[in-house]
Structures are given as C-alpha cells and as structure tokens.
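Everything below concerns the one structure shown next.
Reminder, nothing fancy here: chain letters follow the sequence lines and each chain counts from 1.
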Amino acid sequence: MAPDLLKVAQAMKRTHHCNELRPAHIGQTVTLCGWVHSRRDLGGLIFIDIRDREGRTQTVFDPSALAAELFNKAASLRSESVIRVTGVVRQRPAGTTNSKIVTGEVEIVATELEILNMAAVLPFPVDDPEVAAKVNEELRLQYRYLDLRRPEMMRNLRLRSKLAIALRQYFDDNGFLEVETPTLFKSTPEGAREFIVPSRTNPGQFFALPQSPQQFKQILMVAGVERYFQLARCYRDEDLRADRQPEFTQVDLEMSFIDREDIYNLMEGLLKKLWKVALDIDIPTPFPRVPFAEIMNRYGIDKPDTRFGMELVDFTEEFRASTFKVFSGTIAAGGVIKALNAKGLACATQGQIETMTEYAKSFGAKGLAFIKVEKGEWKSPIVKFFSAAEKEALTKKLAIEEGDLILFAADQWLNACEILGKIRLYCAEVLKTSGKLTIPPHQFNFLWVVDFPLLSFDKEMNRWYSSHHPFTSPVVEDIPLLLTDPKKVRGQHYDVVVNGVELGGGSIRIHQPELQKTIFEQVLQIPPDVTQARFGYMLEAFKYGAPPHGGIALGFDRLVAILCGTPSIRDVIAFPKTAKGTCLMTQSPANVDARQLRDLHIELKLAKKPVEVEVKPQATPPVPPTK
RNA sequence: GGGGGUGUAGCUCAAUUGGUUAGAGCGUUGCCCUGUCACGGCAAAGGUUACGGGUUCGAGCCCCGCCACUCCCGCCA
C-alpha cells in the first residue's frame, strides 16, 4: 500500500474505545468511532455522547473553536448515526462531571467530525434501557440489530462468547478433541419430530437434521477418539417454549473407559469454572446424587427446584384403614396418599383453591383435597372423616402451624407424585408473588438425578420403550431383569439439574453389540429389519471393538440464560425464532419457486392455499418534511 | 392439537356503564437557548383503535371469525 494511503487508513481508525479515557489522557488528541447515543443541543454548544460496544464518552462541539460547517454537521446528527470524532481530551469543568459513566471525568473537545452513516429515525428507542426493555418483543425481533445494540443484550452475547471459550479451554485441558459432526443426517423417527431435508441428487430421499450428535459421538468412541466434545447445533421440530427453540446449541461430549462418577466429576469441574467465570461464584461440589424414586417422592418432578422446601410427604400407611373412603379406597387399589404443606397459604381464596383443583385435574387428578389452618381450626370438607390419630400424624409429619394450607393427592404412586409436584410449584409461585417466599437471586442448587428407570410402558401400544434412548446401558446388576421384570431395570442415565431447570443429561452407553441387539429386538420389540435399516451401521461399528463409553449433553442456551439471569433463551440467542418457529427479521420460512421444487421432485398438496407472505409495512415513522 | 394473556400515534401507555372531535409522556419536525448528560422553553405534525363481519340511534369497549406476538398443557427417545 502506498504510504499516503496507509496514512489515510490509519487516520480512519479509532485510537481508543469509548470506555477508556480517563484524566490520565488529558491533553491527548484521540479518535473515537461509534454511534450517536444522545445529542444535547444547547444552541451555542452541542454535546454528543458517542457509544461503542465498550462504553460511552461525551464529546463537545464548541463553535468558538470550530468551523461553522462542522458545527452545523454536529447539529444535524440523528440518534444512532455512525460517526468518527477526533479531538483533545480535557478535564470537565468543576461540577459537570458525570459519575454514572466511567469516562465521566473527561470529555473530548471535537476538532473533526465525520458522519460515516446517518441513521433513519428509529422504530423504537435503544438509548433508554427502561423503555427499551419494555418494547414489544415482536418489534425487537424484527429489528434485532437494533435490539442487540442495547447494552443488556450485548452483555448477554459477550457472556455467551466468554463461556464458550472457557469451556473449550476446559475440555482442551482435560484431553478432549473438538470434532464436528454432520448436520445432514439420517431420519431416526424414534425421538423428537425432525426437520427433513430433501436430497436433489437422490430423488425421493431425505436427510434429517440431527436432534443430537448421539450416534456420531458413539461411533467416534469406536474410532478411538477417547474424549470428544462439540458445541453442537441441534434441531427439533416440536412446539416452542421460553426455554425451547427449534435450533439450539448443546455442549456435547463423550468419553471412553469411564464410569458415571467420571462424568459427574468432569461436569462439576466444568460448571464450577463457568460459574466462577460468569458470576465469580464458587459453587460447592460434589453435587448431591439422588435416585429418581426419591426425587419423585420428595418433589414430584424429575427436575426439582430445591431452593424451597414444601416437600411431599407420604401418608399411605396412616390412611390405609381410614374411614375416609376416597383415601382408603385408593390405597386398597394399590395407590398412595401424598400431602404437602404450603406454608402460610391458608389465605388462599376459594378461587385460588378452585384454580389449583382445576390445574390438578388437568394433570389427571380426580380432585384436590385440602385443609386450611386458620384461627386454630382446620377448615376442610374432609377433616370430619379423620380420626384423632390421623390428625396427629398429619400435624407431626407436616409440621402444621397456623396459616398453613395442606394439599392431598390420592392416586397411583407416580401420578400422585406428579400431580402434587405441579401443585407444589404453583403454590411456590403464589407465595413468591405475595412476598411470603423469597429466593436470593444468586442461590444455585445443583443436583444429579440418577437411577432412572431404563424403560417405560406404553399402555396404548402395549409395549416397552426407552425412557431416554435405546443406547442407554442398564445398571449392570439389573441386566438379568431385562426380560423378566423390565419395570425394575435402572438405567445408567443421569440428569444434572439446577433450580428446577434440567441443564442436561446423559448416560453410560451399551458397548456390547449383543446386549444392544437384545434391547432392540427382545425388549423394545423392534423388528430386526427395522433395527437393521435404522441402526445397522451402528451395530456393525460396534462389532469391531467398541470401548465402554458414556457422555452427556448440556443445553448451552439454558446455561447461558441462567447465568445471564433471564427467563427466556431468546435473550441469549442472537437471532431466535418466534413461538411459531418463524424469523421475523428475515421473514422465514418462505415460499420457494416452482423450479426449486421441481429440482427436488417435490409437489405441494396443501389443504389450504399457501399463505402469501404478507409484506409487513415497516414500522417507520413518518418521513419528516425536508427543510 | 388444547387453554390463558396481549394488540389504541414511531415507542410506552390512558380512555368511567357502549356516548362530544380517541388523550398523555417520550420520540419526530420547526423556532429559541454556551455546561448539558432523562438538557430546557415555545409551537406543530402524527390514529383504518391488528384485520374481517355482526349487534346498536351510537362500538376502542359487546358478539362471531381471523391474524400476529406471548405463557402454559400435550409434545420434546
């Protein structure tokens, strides 16, 4: 490059970021680049706050020291225009420093201003954090590039990047290889609904986007990689939630020659590091390891929030011979009685109780028995059936006090637990809103849920299916029960849970082809030809020396969301989809032209006419009249 | 697939029981202003009340339909 061009190019560049200037820089000539955060035009003096990714700095345009042309240029600037300002750093006059920003002791007396790009009038404000945070999410997603300029969103992106780098470093330190696996994969209809991709070169055939790199990572173990990890993009064509997107990122890993404890230790080390990096919090390890049956008994959900009590208590023995037939009858039919004490919720209105009852019914409960403890009395339609001994047992085991609300579930064990588990969470929400339950913002209760049942029974189909996936290894001593008592077989599966959120799960896998074949054909009753078509390549691979192995996957988006303190993973994904799976910014999905379909040998047969993509009128403010 | 919530000016929100010309703050535009940082002052523009029907003398408000966003259930091996 010619020397003069090089000089121009260097003059283009900033000398500092907008968070850097301090009294130590006074007297220096500096250049800043960024966006017009705000402009305060006092007529004879203009202040412009310039903002970049790092922070904000005040610049001053003083007509006594400037060409009129430059001053007018500054006066014409609109919010969010892109500028480059050169000037001299000086101390702010006494009494005009701004303690709210780190550069608040100094300002730049502008000597040059270049407008790199004028911005149109904004569809929503990005400079006022309070207003911006309330803006309709639809609008934020449509103009995501403006939304991401907000410091809060930029902070989320930055933390996400920091965490990704920290975990890569952690895995490298622990001897892992990062391997990328294909996203054009094969349909495996056993799991979640998949996104299907037609193959042009193989008419009538389809790829599927992977729900996880599960099979590839196991084959990498057969390949002798020994320790693999990946920040893997995964796809599921299911309905969305605040914590679910159709494409999402998993921290995926697999190790050979290990057992469950090795996974626990590795992940505890990782999470310890990430919490330190993000929040400077030392989380205690090891995490409790609690069997599934105990978790269900105590919390009624497999991802319990243990930051508050209100645990479920069993009263099956106490009510076995009760004169209250609803309870004793349920027990006689093989069911259980569970209760929970919603501390301080006796104030619940009739309406709230009804809401809870309806809620319980929506999960299959027949009703929801309750006792309100008010003014020393037990107010309840059922308490008249209870004997003194039964009342005493309740008082003792539930530690009943004035102001409590006791709720009961009578059903088969798992149903009773699950119903009361949902009610427990509902009560916690009510107590939180009324200020009777407060949870410190930086409390993190981690735990491992272990010993899940390997198999679940599908009544409609009258067959067993894998609780997780068919490659999960049974607990070794339970293998003999596979064909005799499948219900009792525990899987070597584990979930890591924090504050009621399932952060991830994994398992030790089956590495013996014979056992895998038994599970597929005899336990799951998948016909051999189907097994062969779907998983033949895996069974084949496992014939040539598969090491014992296991792994886990963490939901990276959820992890980042928790560390950013946001309830929605959309806030930590740069370009998320809406609840209907569309992208408001790019207006996708969209129609394709007939020729593309013809190339793919696809013909559309739609019940309804394809909805013509309505070209939304851009929410642009009226164009101001020209001067 | 089912249930709940929301939709009024560019943005955030009001609008009493269905009743006059649908208001406010911010933003925008014009004028004034040399120490502001939520700058200030004066003035102005800006509305198919998401959309389509219906009831009514009269609908932002009631009814039916529909669309979008959102939360939850189902679903997510």
Next item on the list: Could you check A:F206, A:F207, A:F216 and say which one makes a ring pair (Phe, Tyr, Trp, His ring centres under 6.0 Å) with A:F185?
Entry: A:F216
Next item on the list: Starting from the 5' end of RNA chain B, give me the residue, A:E238 or A:D243, whose nearest nucleotide shows up first.
Entry: A:D243
Check: If you find the nucleotide of RNA chain B closest to A:L45 and the one closest to A:P470, which residue's nucleotide is nearer the 5' end?
Finding: A:L45
Next item on the list: Give one of base, sugar-phosphate or nothing for A:D127, where a contact means two heavy atoms less than 4.0 Å apart.
Entry: nothing
Next item on the list: May I ask you to say what A:E107 touches in the nucleic acid, namely base, sugar-phosphate or nothing, with a heavy-atom cut-off under 4.0 Å?
Entry: base
Check: On a plain distance test, is the side chain of A:E358 in donor-acceptor contact with the base of B:rG3 below 3.5 Å?
Finding: no
Note to self: Between the base of B:rG7 and the side chain of A:N136, is one N or O donor paired with an acceptor at under 3.5 angstrom?
What the structure shows: no
Respond yes when some side-chain nitrogen or oxygen of [X] is under 4.0 Å from OP1 or OP2 of [N], and no when none is.
| X | N | result |
| --- | --- | --- |
| A:R570 | B:rC71 | yes |
| A:S212 | B:rC76 | no |
| A:R39 | B:rC39 | no |
| A:S38 | B:rC37 | no |
| A:K580 | B:rA68 | yes |
| A:R140 | B:rC69 | no |

Check: Pairs in or reaching into residues 567-590 of chain A: which pass salt bridge (Lys or Arg N to Asp or Glu O under 4.0 Å), with residues at least two apart or in two chains?
Finding: A:E137-A:R570, A:R140-A:D571, A:E247-A:K577
Please table the atom pairs, donor to acceptor, closer than 3.5 Å between any side-chain atom in residues 352-359 of chain A and protein atoms at least two apart or in another chain.
from   : atom 1 : to     : atom 2 : distance (Å)
A:Q352 : OE1    : A:T349 : N      : 3.1
A:T355 : OG1    : A:G351 : O      : 2.8
A:T357 : OG1    : A:I353 : O      : 2.8

Note to self: Using the six-membered base ring of B:rC11, report whether A:F124 stacks on it, requiring centroids under 5.5 Å and planes under 30° apart.
What the structure shows: no
